[in-house]
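Working notes, structure below.
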There are 2 protein chains.
Amino acid sequence: MKSYWGDGPTAVSINEICRRAGVSKPGLYREFGNEDDLKTAALESYRELVLSQLFEIFEADQPFDEALAALTGLALQDRAQTGLPTGCLFGKMRGCRSELGPKTNGAIDATWSTAQDRMQDWIDRAKRNGQLDSQISTTTATLYVDAQIANAITMQAEGVQKAEISEFLQIAFNGLKCFG
Amino acid sequence: MKSYWGDGPTAVSINEICRRAGVSKPGLYREFGNEDDLKTAALESYRELVLSQLFEIFEADQPFDEALAALTGLALQDRAQTGLPTGCLFGKMRGCRSELGPKTNGAIDATWSTAQDRMQDWIDRAKRNGQLDSQISTTTATLYVDAQIANAITMQAEGVQKAEISEFLQIAFNGLKCFG
DNA sequence: TCCATATCGGACCAATCGGTATTTTTATAT
DNA sequence: ATATAAAAATACCGATTGGTCCGATATGGA
């Protein structure tokens, strides 16, 4: 069900969702409430399915370099094999917030907030361990890592070769390591 | 007219465009043809208004570092002052190609192709001048620069502070300079 | 077996979509 | 001033949108 959000949270109508899922429209409404609730549920499902893997990396007790390598590996893993759609639902939703309902927007805020918290802890830890230049603002670093991962996932969805995405992330993360 | 594409190329209906522009629907259709043509025209207008400034930087005969600085300045310039909407129409369109018509998609292809050409020339020139590590794949470099500029513009649209965007680009372009 | 109850889906709703036919207005020429 | 040509807007088209009503159908207890 949630898998059909691969082609954009605003690109698929409720009718189309029902058609694809083989479920009646009243049935879907009984289960989810309305469109806003449905999209909220889809985002929550995405968070548990995909973002949780990122959070695990951020929380893991490992050197900064290894965490970056793990992030690269995660961003590069083949979505086609897992049967899941490509692209980042969270990123797509953040890109068209004005077209989404208030509940979905609230969920986006909450998700982004917890993601930033996780990343802040991780960045601050790396700074304390001397693995990251403490001149770099923590908030900028979180924005940076988030954006680069989103870039990589989006590029994969657009069909860019894995080797190029890998090099892309290598360059991007290099910017963090050799700062100043 | 084209300014109303600020809130997303799929978020605004033809009816709404007419309402905002104070023009009748047949009038708009007489001028542009259909929705696909209108969006194509909007993209062309955006290319001449915004992307042309990027192309000028790529074509200018200046050191690589100065070009990067110029790109940073361009990405940071305040859109609110110019009266233009924030965000990157080209990037938004690339993010929802399946929702756009064939003509608009063709224009996206053409725009992206010429943008990549301009960047390739620029990157190759920097490599020849020893201002950029030639180990970096040219196509990856073009993808990289494009993505970072898009990131910066998107962040400005989301209300991120200028100082953070500036630091963001400093980190990102650092990754190009100190590679390997 | 028969009735009550709970679930489910076909059919329907007003609103809006992209797009157009037709009528009204405006301007011109005689 | 009046008939005619050009321009523009009102009013409408079928299709689709998010959302709901209500009849059909399945289930369970007596």
Side-chain angles (χ1 to χ4, degrees), chain A residues 1-46 85 87 89-90 92-111, chain B residues 1-46 85 87 89-90 92-111:
Chain A
M1 157 87 71
K2 279 77 180 202
S3 80
Y4 288 101
W5 296 88
D7 38 3
T10 66
V12 184
S13 73
I14 294 263
N15 295 311
E16 181 66 18
I17 298 258
C18 295
R19 221 168 291 140
R20 294 186 192 181
V23 89
S24 77
K25 201 157 24 154
L28 185 140
Y29 273 83
R30 268 187 289 268
E31 180 99 18
F32 290 99
N34 62 19
E35 191 175 28
D36 197 11
D37 294 325
L38 175 65
K39 290 183 179 175
T40 303
L43 174 56
E44 266 159 27
S45 167
Y46 181 81
L89 177 61
F90 182 49
K92 286 177 185 172
M93 282 188 170
R94 283 207 292 157
C96 58
R97 292 181 71 135
S98 67
E99 300 175 64
L100 303 173
K103 196 165 177 180
T104 307
N105 268 287
I108 293 173
D109 286 334
T111 302
Chain B
M1 157 87 73
K2 278 79 181 201
S3 80
Y4 287 100
W5 296 88
D7 36 4
T10 67
V12 185
S13 72
I14 293 263
N15 293 312
E16 181 66 18
I17 298 258
C18 293
R19 219 168 293 140
R20 296 186 191 183
V23 88
S24 77
K25 201 155 28 153
L28 186 141
Y29 274 84
R30 249 170 270 145
E31 180 99 18
F32 290 99
N34 61 20
E35 191 174 29
D36 197 11
D37 294 326
L38 175 66
K39 290 183 179 176
T40 304
L43 174 55
E44 266 159 26
S45 166
Y46 181 80
L89 176 61
F90 182 48
K92 286 177 185 171
M93 282 188 170
R94 284 207 291 156
C96 60
R97 293 183 69 135
S98 68
E99 300 175 63
L100 303 173
K103 197 166 175 180
T104 306
N105 267 286
I108 294 172
D109 286 334
T111 302

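First the proteins, then the strands, lettered A, B, ... as listed; each starts at 1. No experiment lies behind these values; they were computed from the predicted model shown.
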> Of A:Thr40, A:Asp36, A:Asp37, which meets side chain to side chain donor-acceptor pair (under 3.5 Å) against A:Lys103?
Replying inline: A:Asp37
> B:Lys25 has a side chain; which of C:dG9, D:dG18, C:dG18 sits nearest to it?
Replying inline: C:dG18
>> I need the CD-C1' distance between B:Glu35 and C:dG19, as an integer number of Å.
In response: 10 Å
>> I need the CD-C1' distance between B:Glu31 and D:dA9, as an integer number of Å.
In response: 16 Å
> Is any side-chain heavy atom of B:Glu31 less than 4.5 Å from a side-chain heavy atom of B:Val23?
Replying inline: no
> Just by distance, do the side chain of A:Lys92 and the backbone of B:Gly95 share a donor-acceptor pair under 3.5 Å?
Replying inline: no
>> Which nucleotide wins on minimum distance to the side chain of A:Pro26, given the candidates D:dA9, D:dG19, C:dG9?
In response: C:dG9
> Quick check: does any side chain N or O of A:Lys39 sit under 3.5 Å from a backbone N or O of A:Leu100, one acting as donor and the other as acceptor?
Replying inline: no
> Starting at OH of A:Tyr29 and ending at P of D:dC21, how long is that distance when rounded to a whole Å?
Replying inline: 13 Å
> Does A:Asp7 reach the side chain of A:Pro85, with side-chain heavy atoms less than 4.5 Å apart?
Replying inline: no
> Do A:Tyr29 and A:Ile14 pass the side chain to side chain contact (heavy atoms under 4.5 Å, CB included) test, and can you show the C-alpha distance, the side-chain angles, and the key distance before you say yes or no?
Replying inline: CA-CA 10 Å; A:Tyr29 273 83; A:Ile14 294 263; 3.8 Å; yes
> For DNA chain D, which residues in residues 8-16 of chain A have a heavy atom at a distance below 4.0 Å?
Replying inline: A:Ser13, A:Ile14, A:Asn15
> When the distance from CG of A:Asp36 to P of D:dT17 is rounded to whole Å, what number comes out?
Replying inline: 18 Å
Between protein and nucleic acid, restricted to nucleotides 22-26 of chain D and to nitrogen or oxygen atoms under 3.5 Å apart, what atom pairs and distances do you find?
none

> What is the distance, rounded to the nearest whole Å, between atom CD1 of B:Ile17 and atom C1' of C:dC17?
Replying inline: 13 Å
> Please give, in whole Å, the distance from D:dA9 P to B:Leu28 CG?
Replying inline: 11 Å
